[in-house]
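To keep things clear, I will list the structure first and then write my remarks on it.
Residue numbers start from 1 in every chain, and the chains themselves are labelled A, B, ... in the order their sequence lines are given, proteins ahead of strands.
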2 protein chains.
Amino acid sequence: MPDSFKGDNTDAGDLPVTDAFLRRYIGYRMKRAYVHIHSNAQAAIETFGLRVTTSSALHIIVENPNLSQSQLSLALSIERSRAVLLVDELEKLGLITRNRVPQDRRSYALRATPAGEALLEKVVESLIRHEETLLAGLTAAEKTQLAGLLDKIERRAIDARKAGA
Amino acid sequence: MPDSFKGDNTDAGDLPVTDAFLRRYIGYRMKRAYVHIHSNAQAAIETFGLRVTTSSALHIIVENPNLSQSQLSLALSIERSRAVLLVDELEKLGLITRNRVPQDRRSYALRATPAGEALLEKVVESLIRHEETLLAGLTAAEKTQLAGLLDKIERRAIDARKAGA
DNA sequence: TATTGTTATACTCTATAACTATA
DNA sequence: TATAGTTATAGAGTATAACAATA
């Protein structure tokens with residue numbers, strides 16, 4: 001525990017409340033930044049009747065035509081049971097289709113419909129614009145730096161988990 | 001939509017599934033990095049019978065003795081109704097106490113017990129060690145940079161919301 | 001036996017509204 | 001009337017286990 005402890009402040013009534021202890025963790029700062037990034041993206045996406053999660057699934061399906069639900073789960077690091085619901089939703093919206101695979105009748109080949117591809121185009125445009133606005137305080141170099149640092153954290157975490165397992 | 005579209009891949013069967021479309025968003029990369037940071041912190045904290053959220057509340061309460069539940073909510077950017085449950089949990093564990101305030105009998109003054117302060121010391125130590133390990137791939141300069149960029153994003157988002165409201 | 005998709009359950013976090021007791 | 005705390009409810013995300021169909 002740091003020795004910057006305040007004494008027993010019996011009258012903290014309306015003193016400003018600080019979070020310096022928590023600011024020592026990068027994770028805390030990332031959570032606080034991410035909350036804003038997420039709600040910013042959510043706002044952009046819900047204009048089109050989707051949420052961040054369903055939009056992400058649509059991104060992956062458009063990019064990887066004929067992938068299976070298991071592959072979708074892996075790509076998004078979600079459970080297969082969760083993928084079922086996301087695919088259900090996108091299918092009901094007419095944005096993707098589930099297609100039986102003759103070679104392996106257990107799995108589906110997921111494909112976006114023309115409507116799905118068209119909608120994704122609009123979503124992408126809106127998302128990029130929204131993120132550019134939100135991150136307008138960062139230079140291009142800073143954004144590249146940030147992306148690189150985040151990737152490095154993710155890669156190292158994955159490697160560490162593999163080594164541990 | 002980028003023109004890097006793949007053709008109709010009728011046999012995507014076991015091709016690697018990519019997420020390049022999503023990697024264009026800093027938010028996506030941040031989410032992926034944060035998932036690991038969060039579970040790393042969770043693992044450190046649950047050794048002591050807490051979760052990330054309750055641990056955060058304990059941090060704030062130890063740092064700001066006699067704060068109210070409303071102040072706690074503000075500090076953590078959570079709803080007051082959520083703070084009730086976190087405080088309930090910490091109180092049941094004997095880590096903090098709710099104390100009536102004579103000047104305003106509506107509110108409580110939250111204070112950590114000696115047990116709460118002692119436990120937080122151990123939690124902090126473990127959290128710092130865990131985060132250092134997870135972020136061992138980053139130099140000290142990179143960590144400082146990352147923290148600064150995250151703060152900048154948060155501050156700008158808050159300012160933008162204020163300006164918009 | 002193992003895998004794909006599915007259903008069901010439970011837990012956490014979030015968001016909202018309504019209520020009480022105080023002010 | 002406004003605020004502090006509380007209760008209740010609903011939605012979203014996550015984690016887990018079990019099951020049917022297929023491999």
Side-chain angles (χ1 to χ4, degrees), chain A residues 12-14 17 27-28 31-32 34-36 38-39 41-43 45-46 49-57 61 66-92 96-110, chain B residues 12-14 17 27-28 31-32 34-36 38-39 41-43 45-46 49-57 61 66-92 96-110:
Chain A
D14 49 357
V17 174
Y28 177 73
K31 157 84 174 206
R32 297 200 65 110
Y34 181 68
V35 163
H36 296 287
H38 181 268
S39 75
Q42 193 83 281
I45 291 169
E46 69 190 9
L50 297 178
R51 278 163 294 116
V52 167
T53 46
T54 47
S55 155
S56 296
I61 294 168
N66 292 307
L67 84 168
S68 69
Q69 291 183 191
S70 289
Q71 287 177 309
L72 176 63
S73 310
L74 276 175
L76 290 177
S77 298
I78 61 177
E79 295 297 317
R80 272 176 310 151
S81 57
R82 176 99 185 105
V84 173
L85 304 179
L86 297 180
V87 168
D88 278 352
E89 194 170 333
L90 291 172
E91 193 182 32
K92 264 173 210 147
I96 67 164
T97 54
R98 275 191 248 237
N99 308 276
R100 290 254 77 129
V101 178
Q103 295 86 347
D104 185 342
R105 300 192 44 255
R106 289 174 302 179
S107 75
Y108 289 119
L110 305 176
Chain B
D14 49 358
V17 175
Y28 177 73
K31 158 86 172 203
R32 296 199 65 109
Y34 181 68
V35 162
H36 295 288
H38 181 269
S39 76
Q42 194 82 283
I45 290 169
E46 70 191 9
L50 297 178
R51 278 164 294 116
V52 168
T53 48
T54 46
S55 154
S56 295
I61 294 167
N66 292 307
L67 85 169
S68 69
Q69 288 184 194
S70 291
Q71 288 178 310
L72 175 64
S73 310
L74 276 174
L76 290 177
S77 298
I78 60 177
E79 296 297 318
R80 272 175 311 152
S81 57
R82 176 95 185 107
V84 173
L85 304 178
L86 297 180
V87 168
D88 278 352
E89 194 170 332
L90 291 172
E91 193 182 31
K92 263 172 212 148
I96 67 164
T97 54
R98 275 192 248 239
N99 308 277
R100 289 254 77 127
V101 178
Q103 296 86 349
D104 186 343
R105 302 195 38 256
R106 290 175 301 181
S107 75
Y108 290 118
L110 305 176

Rounded to whole Å, the CD1-P distance (B:Ile78 to D:dT6) equals 13 Å
Partner of B:Gln42 under side chain to side chain contact (heavy atoms under 4.5 Å, CB included), picked from B:Thr53, B:Leu50, B:Val52, is B:Val52
Counting only side-chain heavy atoms from C-beta out, which of D:dA23, C:dT6, D:dG5 sits nearest to A:Arg98? C:dT6
Within this structure, what is the CZ-to-C1' distance between A:Arg106 and C:dG5, rounded to whole angstrom? 10 Å
Roughly how many Å is it from CG in B:Asn66 to P in D:dA4, rounded to a whole number? 16 Å
Below 3.5 Å is the cut-off: list the nitrogen or oxygen pairs between protein and nucleotides 7-13 of chain C, distance only.
from	atom 1	to	atom 2	distance (Å)
C:dC13	OP1	B:Thr53	OG1	3.0
C:dC13	OP2	B:Arg51	NH1	2.5
C:dC13	OP2	B:Thr53	OG1	3.3
C:dC13	OP2	B:Arg82	NH2	2.4
C:dC13	O5'	B:Arg82	NH2	3.3

Using a heavy-atom cut-off of under 4.0 Å over every strand shown, decide if B:Arg100 touches base, sugar-phosphate, or nothing. nothing
How close or far is atom P of D:dA2 from atom CG of B:Asp104, stated in whole angstroms? 17 Å
Looking at B:Gln71, I'd like to know whether one of its side-chain N or O atoms comes within less than 4.0 Å of OP1 or OP2 on D:dA4. no
B:Gln69 side chain near D:dT6 phosphate (N/O to OP1/OP2, under 4.0 Å): yes
Separation of D:dT3 atom P from B:Leu74 atom CG, nearest Å, is 12 Å
Could you tell me how far apart A:Glu79 (CD) and D:dA18 (C1') are, to the nearest whole angstrom? 14 Å
Report the distance from atom CD of B:Gln103 to atom C1' of D:dA4, rounded to the nearest whole Å. 15 Å
Can you check the B:Arg105 CZ to C:dA23 C1' distance for me, whole Å? 11 Å
